[in-house]
Amino acid sequence: MRILVVEDEHRIAGSLKKGLEQEHFVVDLAYDGISGFDLASEGVYDLLILDLMLPGKDGLSVVSDLRKKQIQTPILILTAKGQLQDKVSGLNSGADDYLTKPFSFEELLARVRALSRRPQKSIPDILTVGDLSLNKQSFLVRRGVEINLSSKEFTLLEYLMDHSGKILSKEQIINHVWDYDADVLPNTVEVYIRNLRRKVDLPFTDRPALIKTIRGFGYKIEG
Ligand code: CA
């Protein structure tokens with residue numbers, strides 16, 4: 001899951017990125033409303049965390065302009081304490097939820113998880129493909145035995161399993177699994193897929209391989 005945080009206070013932005021990355025989210029940062037709007041307009045994000053008081057373009061204009069462009073990414077607004085009127089107009093302009101500063105990281109995480117589940121309510125916290133299971137809350141991956149994955153391998157596997165049976169191009173994978181700061185080439189995807197196979201498929205020689213290469217198109221996972 002890839003999240004864009006638009007927040008001009010660098011300290012808050014930095015700690016949000018760090019905390020969310022520890023929870024296996026992929027996080028990009030923007031420090032003003034204009035670049036935040038431009039990035040969000042690309043439509044590659046699964047969630048937007050947006051401060052209201054921003055240089056360049058205020059948060060509410062960012063929300064309403066995104067919705068005008070039919071960008072339906074869920075938006076969590078961060079607002080200074082007591083700006084109740086802002087909250088009301090924030091929700092009216094198309095935001096999905098809001099959080100008052102100062103907030104605890106746990107509270108933010110709970111809202112992020114709730115919003116990220118909203119468009120796909122039927123998808124449970126545990127994904128399964130064949131005999132492989134992935135728990136989104138505990139980060140436990142099992143195929144009879146527990147499989148240890150790096151943070152990036154977990155994010156990649158989660159993305160594949162969220163779309164099991166569907167072919168995902170390298171570009172789609174890059175857009176959802178890596179942030180902008182990462183130096184990602186199509187070859188990087190191949191390397192991570194190979195590593196993932198080494199852990200998820202190769203040890204289980206008596207069972208069908210789950211991760212499939214669709215030559216010229218991309219990859220899919222299927223039981
Ligand atoms: Ca601000």
Side-chain angles (χ1 to χ4, degrees), residues 1-121 136-137 139 151-152 155 158-159 174-184:
M1 239 194 79
R2 187 163 166 190
I3 298 176
L4 175 65
V5 175
V6 190
E7 165 63 83
D8 58 320
E9 289 173 60
H10 286 236
R11 192 180 51 80
I12 297 178
S15 71
L16 284 180
K17 180 174 166 75
K18 199 171 160 211
L20 288 167
E21 283 178 347
Q22 277 168 2
E23 300 293 325
H24 302 273
F25 293 103
V26 178
V27 182
D28 287 321
L29 298 178
Y31 300 111
D32 66 84
I34 294 167
S35 59
F37 174 76
D38 288 344
L39 284 171
S41 298
E42 292 175 22
V44 301
Y45 294 99
D46 304 293
L47 179 70
L48 195 58
I49 298 176
L50 181 69
D51 185 29
L52 279 189
M53 302 281 278
L54 288 167
K57 186 179 179 80
D58 71 90
L60 290 181
S61 310
V62 172
V63 174
S64 58
D65 288 355
L66 284 173
R67 295 310 187 226
K68 265 182 222 152
K69 284 187 76 175
Q70 303 303 320
I71 302 286
Q72 301 301 338
T73 312
I75 298 175
L76 171 61
I77 280 184
L78 303 178
T79 166
K81 204 169 186 175
Q83 294 176 316
L84 192 64
Q85 197 48 47
D86 284 346
K87 287 181 187 176
V88 175
S89 43
L91 291 174
N92 284 342
S93 68
D96 298 87
D97 199 0
Y98 51 83
L99 199 53
T100 305
K101 291 181 189 177
F103 51 83
S104 72
F105 184 72
E106 285 65 31
E107 195 181 355
L108 176 106
L109 197 56
R111 304 292 180 94
V112 165
R113 291 220 163 102
L115 282 174
S116 66
R117 275 195 293 265
R118 195 169 283 181
Q120 26 182 257
K121 269 200 183 95
K136 293 183 173 204
Q137 299 292 330
F139 308 123
S151 177
K152 196 52 83 186
T155 308
E158 181 185 24
Y159 182 59
I174 290 170
N175 282 340
H176 285 270
V177 178
W178 277 273
D179 62 42
Y180 273 119
D181 295 334
D183 230 348
V184 189

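Atoms considered below: every heavy atom in the structure, side chains included; atoms not considered: hydrogens, waters and symmetry mates. Every number for a ligand or one of its atoms is a count from 1 in the order of the listing. What you see is a predicted model, and the numbers here were worked out from it, not measured in a lab.
A donor-acceptor pair under 3.5 Å is absent between the side-chain atoms of R2 and the main chain of V44, judged by distance alone. Between the side chain of D96 and the backbone N or O of I75 there is at least one donor-acceptor pair closer than 3.5 Å. Put simply, the side chain of E9 never gets that close to the backbone of R11: no donor and acceptor are under 3.5 Å apart. Side-chain N or O atoms of K152 include none that pairs as donor or acceptor with a backbone N or O of W178 at under 3.5 Å.
The aromatic rings of F139 and H24 sit tilted, their planes meeting at an angle between 30° and 60°.
Identified under the salt bridge (charged side-chain N to carboxylate O under 4.0 Å, His left out) test for residues 39-51, with sequence neighbours left out: D51-K101.
Each protein N, O or S atom less than 3.0 Å from the Ca ion (ligand 1) was counted, giving 3.
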